[in-house]
Amino acid sequence: MSDTPDKPKHFIRQIIDGDLESGKHSRVGTRFPPEPNGFLHVGHAKAICLNFGLAQDYQGQCNLRFDDTNPAKEEERYAKAIEEDVHWLGFEWNGDIRHASDYFDQLYVFAKELIEKGLAYVDELSPEDIREYRGTFEVPGKNSPYRERPIKESLELFERMKAGEFEDGKMCLRAKINMASPNINMRDPVIYRIKHQHHHRTGDKWCIYPMYDFTHCISDALEGITHSLCTLEFEDHRPLYDWVLDNISIDCHPQQIEFSRLNLEHTVTSKRKLNQLVADGHVDGWDDPRMPTISGMRRRGFTPESIRDMCDRIGITKKVNTTEMGVLENCVREDLDKNAQRVMVVLDPVKVVITNYPDDKVEELTAPNHPKEDMGTRTIYMSKEVFIDRADFREEANKKYKRLVLGKSVRLRNSYVITATDVVKNEKGDILEIHCEYDPDTLGKNPEGQKPKGVIHWVSSSHSLPATVRLYDRLFNVPNPGSEENLVSTLNPESLKVIDGARVEMSLKTVAPETRFQFEREGYFCSDRYDCKEGSLVFNRTVTLRDSWAKIENKG
RNA sequence: AGGGGUGUCGCCAAGCGGUAAGGCAACGGGUUUUGAUCCCGUCAUUCGUAGGUUCAAAUCCUGCCACCCCUGCCA
């Protein structure tokens, strides 16, 4: 009903289809509930695509809700960044943004209801004692001495907690469930704690804040969520999710369903670790193009489509999984191959003098912006001196090398065929310039007899512009940095190489920020959304082109 | 050692009792003014493992093994 019949449905879709068929639900309501304590990363993208995607496909709604129950960790600036990321990924939430803090009043009333029913009590055990009393995996917990205190007393104490009469940690509200439960989450979990802490939305109205397990299920129910999707580590919390909703006066009971989080090779997706990278200055902020954050990937040049495509391809299951970088790379390449304009940029320029080309002549040539798609053409300039990449010339080479070789010819992409006649070096042996002759009769056609084996890119020395190009590579050298004892030691020292002397063709003179291109024969690049301006061009490499030459070369 | 989960190709992932989809990667070959793209071909007699049920099992049953998560007044 939501997909083409040949596309397999993951288990959550199967559950939803079942619920719709059985009449359990007549609509689908999901939510994406981030805590505003950091930037969203690629793992969140999976959850976003799932929740918003399901709502879209079933013509339901998906809410954006900030899970802001811990004012000690949360900040408004994170909330803003999250909103922007969700939008950028291409999703629109249902109505206004929700906040768990919008429900603090109702949550408080529900907490009192539990107390009145004898299902919650105010505990005065210290945090250390609570831990002690909780027991272990093998040993059952024991009841708090305050567990059986009169309902009236708990009610009064809870109100006094709210009134600010007690210090942090002196008391807390606990659900009265079962201290001997094999599920530790059910051993009288704390549902409210005292925190004399300013909240970024409710200010100083509260000094008691509800815990996640109490808040989340009620927030879901209040919003009429039908399917509450979360990651695997919450499986053990589901009995508590259900217990709370079963014991308060609320007529909605969403179903919590767990799926496995995304792990991407060579990245970390732990807010704590990402925060560490930022705080310790290993990267240039949360949106550094090397970061697996949504904003970092955006700045790097990934498209929302490519990220969504990856989420689509990896599927939804309950298996612990690690996706290879190749999948993501394939997704951007596929998108950008089809949609990015082609342009010529020389990253490591070496001068080529075309000896038989008229000294002051400048020819305007027309180059297609895309080899297949109809994306128009642009003007490129041909002159006596051009730059090519150092890697595209060798004084001698075997037959496998298809670029410029002394005495041999090569095609300048979108221009003439040239033949290398001489090379000028300094005393150290560095190549200063390469002398070539061009064949004027090779524009748009091959020379008589033979066809040049290679094609290389180039720019006119006089009609090109300087640019800074940032070459990014994986941030970590090991596939699973998150499992490493010392994260920092696995950082890739070559994750960023800044090239200051690149030369770009004239069409890039007034490029808008955040425009994506294929630099022919090099890779996909994006003009930096903050640093790129006319007169100071800056491009970030998103990903290289697939490089089968590298394989041949490495084999020897 | 208690509870909760998961085991299908190098990485993802379909499959839901009728005899192993697909994607990525890899490897061959073709086209090409990007060593890109595109195209064509190869890539699990086997589904963690050992038994059992059945005419028939990746799918049902039993035992075993491996891995992940859980003892915050974090989410």
Side-chain angles (χ1 to χ4, degrees), chain A residues 6-10 14 33-35 37 67 69-70 72-74 123 125-127 130-131 134-141 168-174 181-187 189-195 208-209 211-213 215-216 230-239 258 260 265 271 310 312-331 333-334 337-338 342 344 368 371-372 400-403 410-415 417 442 444-446 451-457 518-523 544-553:
Chain A
D6 51 340
K7 191 185 169 188
K9 284 181 177 139
H10 57 66
Q14 292 180 21
E35 183 187 14
N37 69 342
D67 225 333
T69 58
N70 188 352
K73 294 184 172 181
E74 296 144 10
D123 198 359
L125 247 28
S126 66
I130 285 184
R131 194 185 320 126
R134 186 151 37 222
T136 66
F137 293 143
E138 301 83 24
V139 183
D168 292 10
K170 287 292 183 221
M171 290 182 191
C172 64
L173 185 68
R174 294 231 256 163
S181 171
N183 180 346
I184 289 181
N185 295 122
M186 298 299 269
R187 318 242 263 230
V190 172
I191 57 176
Y192 259 95
R193 74 292 215 183
I194 300 172
K195 269 184 192 286
I208 57 171
Y209 293 94
M211 299 286 289
Y212 166 85
D213 285 309
T215 309
H216 203 83
C230 62
T231 42
L232 255 27
E233 65 270 27
F234 290 99
E235 271 177 320
D236 289 340
H237 294 244
R238 192 171 63 229
E258 310 83 13
S260 50
E265 278 193 350
K271 277 191 198 169
M310 179 190 69
D312 222 53
R313 292 186 195 211
I314 60 177
I316 300 292
T317 65
K318 298 185 71 138
K319 268 181 282 199
V320 172
N321 61 82
T322 304
T323 296
E324 292 176 341
M325 259 302 176
V327 179
L328 212 209
E329 292 180 345
N330 175 263
C331 290
R333 287 191 182 120
E334 212 171 84
D337 171 60
K338 191 165 194 303
R342 265 111 256 222
M344 289 197 286
K372 291 180 178 168
K400 283 183 183 168
Y401 187 80
K402 305 201 303 190
R403 311 178 193 181
V410 78
R411 160 144 252 136
L412 292 181
R413 175 103 168 128
N414 299 126
S415 180
V417 171
T442 52
K445 58 180 169 184
N446 285 321
K451 170 178 164 183
K453 256 178 43 191
V455 181
I456 63 175
H457 57 100
Q518 184 195 98
F519 288 2
E520 291 201 85
R521 302 210 313 130
E522 292 289 355
T544 61
L545 249 33
R546 200 174 260 111
D547 187 2
S548 55
W549 164 244
K551 286 177 193 167
I552 297 168
E553 208 181 22

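All values reported here derive from a predicted model rather than from experimental measurement. Per chain, numbering begins at 1; letters A, B, ... match sequence-line order.
- Using a 4.0 Å heavy-atom cutoff across all strands shown, A:Gly141 reaches no nucleic acid atom at all.
- In this structure A:Asn183 satisfies the side-chain contact (heavy atoms from CB on, under 4.5 Å) test together with A:Ser181, A:Asn185, A:Met186, A:Asp236, A:Pro239, sequence neighbours excluded.
- With sequence neighbours excluded, the residues that form a side-chain hydrogen bond (donor to acceptor under 3.5 Å, both in side chains) with A:Lys445 are A:Asp441.
- A:Arg342 meets the side-chain contact (heavy atoms from CB on, under 4.5 Å) test with A:Asp337, A:His370, A:Pro371, A:Gln518, A:Glu520, A:Tyr524; sequence neighbours excluded.
- For A:Glu258 and B:G5, a side-chain-to-base donor-acceptor distance below 3.5 Å is absent, hydrogens and geometry of angles not being considered.
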Taking N or O atoms only and anything under 3.5 Å, show me the protein contacts with nucleotides 13-16 of chain B, one pair per line.
{"residue": "B:A13", "atom": "OP1", "partner": "A:Thr317", "partner atom": "OG1", "Å": "2.7"}
{"residue": "B:G15", "atom": "OP1", "partner": "A:Gln14", "partner atom": "NE2", "Å": "3.3"}
{"residue": "B:C16", "atom": "N4", "partner": "A:Gln14", "partner atom": "OE1", "Å": "3.4"}
{"residue": "B:C16", "atom": "N4", "partner": "A:Gln14", "partner atom": "NE2", "Å": "3.1"}

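- A gap of 36 Å separates the C1' atoms of B:G23 and B:G63, to the nearest Å.
- Applying the salt bridge (Lys or Arg N to Asp or Glu O under 4.0 Å) rule to A:Arg313 yields the partners A:Asp309, A:Glu334; only residues at least two apart in sequence or on another chain are considered.
- Applying the side-chain contact (heavy atoms from CB on, under 4.5 Å) criterion to A:Lys170, with sequence neighbours excluded, gives A:Phe166, A:Glu167.
- For A:Thr231, the side-chain hydrogen bond (donor to acceptor under 3.5 Å, both in side chains) partners two or more places apart in sequence, or in a different chain, are A:Glu233.
- By the side-chain hydrogen bond (donor to acceptor under 3.5 Å, both in side chains) test, A:Arg174 pairs with A:Asp123, sequence neighbours left out.
- Every residue meeting the side-chain contact (heavy atoms from CB on, under 4.5 Å) condition with A:Lys453, not counting sequence neighbours, appears here in chain and number order: A:Lys399, A:Lys402.
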Strictly under 4.0 angstrom, non-hydrogen atoms only: write out the protein contact profile of nucleotides 34-41 of chain B, one letter per nucleotide from the 5' end, B, S or -. BBSBS---
Scoring nucleotides 70-75 of chain B by protein non-hydrogen atoms under 4.0 Å (B base, S sugar-phosphate only, - none) yields BBSBBB
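- Here A:Arg238 pairs with A:Glu258 under the side-chain hydrogen bond (donor to acceptor under 3.5 Å, both in side chains) rule; sequence neighbours left out.
- Nucleotides B:A21 and B:G30 have their C1' atoms positioned 27 Å apart, rounded to a whole Å.
- Between the P atom of B:G3 and the CG atom of A:Leu232 lies a distance of 19 Å, rounded to the nearest Å.
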